[in-house]
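Here the structure comes first, spelled out in structure tokens, and everything after it is commentary.
In what follows, chains are A, B, ... by sequence order, proteins preceding strands, each numbered from 1.
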2 protein chains.
Amino acid sequence: MAKLQKSIDKRNALIKATIELVNNSGFHATPMSKIAKMANVSPATIYLYFENKQDLVNQAYLEVKTKYTDFVFKTYNERASVKTGFELIWKRIAEFNINECEYSFFLNQCNNTPIIDEPSRKEGIRHLQPLLDLWERGKKEGVIKPISDYILYAYSINPISYLMIAQKQGEFELTKVHVEEAFLTAWDSIKR
Amino acid sequence: MAKLQKSIDKRNALIKATIELVNNSGFHATPMSKIAKMANVSPATIYLYFENKQDLVNQAYLEVKTKYTDFVFKTYNERASVKTGFELIWKRIAEFNINECEYSFFLNQCNNTPIIDEPSRKEGIRHLQPLLDLWERGKKEGVIKPISDYILYAYSINPISYLMIAQKQGEFELTKVHVEEAFLTAWDSIKR
DNA sequence: TAAAAAAGAATGAACATTCATTTTTATTTC
DNA sequence: GAAATAAAAATGAATGTTCATTCTTTTTTA
């Protein structure tokens with residue numbers, strides 16, 4: 001009698017292939033057969049690991065989102081000043097976007113199009129709770145503008161994704177200098 | 001012998017249906033048959049007006065993009081100060097996004113995913129030439145930060161799209177007050 | 001050796017596009 | 001101004017393909 005032994009490697013390869021193919025062609029233009037081929041697996045095998053195509057993408061999304069938040073808050077220290085705390089988080093976000101741009105592009109596509117289930121997406125910004133808490137504190141201390149979190153996010157965090165896309169499309173190269181400029185710009189936009 | 005008399009109304013209805021359906025389901029999840037039905041037309045008729053599905057979307061994109069830039073620069077006056085000029089343009093962009101959110105959502109989806117031909121997209125930011133010229137002047141006058149246009153765009157213009165999406169997903173409502181806050185934030189982020 | 005895992009081929013649905021006809025339109029002829 | 005007509009415009013029904021998913025068989029594993 002055999003134990004349940006589905007290979008985690010195969011699952012990972014499938015998720016990886018999905019991300020890469022969806023990044024380059026979009027969800028509906030990516031056939032399961034191609035995902036299978038890229039993961040060196042038969043199409044039928046995908047269904048041992050995932051219910052169906054939608055489930056595969058949802059799981060890819062949640063997995064990448066988790067990697068993202070884990071990375072972003074790893075170095076965060078609640079006792080730092082608001083400005084320092086913001087810098088810690090912002091720079092980690094930038095680092096993730098630059099070093100894992102396959103992931104960040106994928107997240108971005110999921111956030112901007114209707115490919116992900118509402119339930120799977122609803123988690124959304126809530127993953128960023130520590131950042132929201134930091135802003136709350138900043139507003140109380142009078143260091144951060146007393147405006148909606150959505151606006152703070154739109155101006156200080158979302159631009160990073162935009163710059164990644166511009167870079168992916170080869171219009172722009174995101175250098176160290178740019179990152180520093182972008183950080184200062186982000187801070188200028190939300191500081192009181 | 002009859003004159004060429006393809007109905008502009010029909011063409012418009014097809015473009016409108018395409019925008020609405022692509023907004024809600026994405027390009028590949030929108031069948032031609034549905035577009036036809038929504039435009040009250042037979043599927044075969046689409047091919048009298050457009051070469052194929054890709055051509056239909058490309059044309060929709062270019063048409064909306066043109067509407068956008070026409071609207072945005074309509075009130076612009078080259079002789080205004082940099083700050084005033086920026087405010088004129090920014091507020092028109094915001095107005096367009098709010099009043100024509102079907103259009104702005106569509107443009108955003110085209111800019112963030114691989115559904116549009118590279119050639120059709122390449123026009124991209126270049127449509128915004130007057131804004132780029134204004135920034136150039138602002139940098140010379142020492143009023144605008146001397147940083148890449150991509151960064152200026154990412155921080156002062158792109159956030160509007162993000163806020164639109166948040167609104168479309170029902171997470172947020174973009175009120176007059178928010179628009180004013182957002183404008184000041186945009187200016188803070190790019191002013192020297 | 002028995003159960004799980006994997007595979008390739010088969011199935012059936014959905015879809016973009018084309019085809020063969022019908023309908024509309026505008027002009028011409030009386 | 002009505003009837004005739006020829007070309008464009010529009011249509012609904014094919015066509016052929018692509019694809020997600022399932023089925024049956026083979027291979028691997030414990």
N or O in side chain of Thr45(B) less than 4.0 angstrom from dT11(D) OP1/OP2: yes
Grab the OH-P distance between Tyr47(B) and dT18(C) for me, whole Å please. 7 Å
Begin from the C-alpha positions of Ile35(B) and Leu56(B) and carry the test side-chain contact (heavy atoms from CB on, under 4.5 Å) through to its verdict. CA-CA 10 Å; Ile35(B) 296 175; Leu56(B) 170 55; 4.0 Å; yes
Lys10(A), nearest nucleotide to its side chain (from dA10(D), dA6(C), dG8(C)): dA6(C)
Path from Leu107(B) to Trp90(B) over hydrophobic side-chain contacts below 4.5 Å: yes
Out of dT17(C), dA10(D), dT21(D), minimum distance to the side chain of Asn52(B) belongs to dT17(C)
To the nearest Å, give me how far apart CZ (Arg11(A)) and C1' (dA5(C)) are. 16 Å
Ala44(B) has its side chain closest, among dT18(C), dA9(D), dA6(C), to dT18(C)
Given atom CZ of Phe50(B) and atom P of dA10(D), what is their separation to the nearest angstrom? 12 Å
Near DNA chain C, which residues from residues 24-41 of chain A have a heavy atom under 4.0 Å away? Val41(A)
Measure from NZ or CZ of Lys53(A) to the centre of the six-membered ring of Phe27(A) and say whether it is under 6.0 Å with the direction within 45° of the ring axis. yes
How close or far is atom P of dA5(C) from atom CD1 of Ile8(A), stated in whole angstroms? 13 Å
Taking the minimum atom-to-atom distance to the side chain of Tyr49(B), which one of dA6(C), dA10(D), dT17(C) wins? dA10(D)
Using the rule that two of Ile, Leu, Val, Met, Phe, Trp, Tyr join whenever any of their side-chain heavy atoms come within less than 4.5 Å, decide whether Tyr68(A) and Phe105(A) are in one cluster. no
Mind listing the residues from residues 12-21 of chain A sitting with a heavy atom below 4.0 Å of DNA chain C? Number order is fine. none
I need the Tyr150(B) OH to Leu174(A) CG distance, nearest 0.5 Å. 12.5 Å
Starting from C1' on dT17(C), measure out to CG on Asp55(B) and report it in whole angstrom. 14 Å
Rounded to whole Å, CD1 of Ile46(A) lies from C1' of dT22(D) at a distance of 13 Å
Measure the shortest side-chain to side-chain distance between Ile157(A) and Leu131(A) over non-hydrogen atoms and say whether it is less than 4.5 angstrom. yes
After noting the C-alpha distance and the side-chain angles of Arg137(A) and Leu134(A), does the key distance pass the side-chain contact (heavy atoms from CB on, under 4.5 Å) rule? CA-CA 5 Å; Arg137(A) 176 152 69 92; Leu134(A) 179 70; 3.6 Å; yes
From the set dA6(C), dA10(D), dT18(C), return the single nucleotide nearest to any side-chain atom of Leu48(B). dA10(D)
Is Glu95(A) paired with Lys74(A) through a side-chain N to carboxylate O contact shorter than 4.0 Å? no
Could you tell me which residues satisfy ring pair (Phe, Tyr, Trp, His ring centres under 6.0 Å) with Tyr103(B), sequence neighbours excluded, listed by chain and number? none
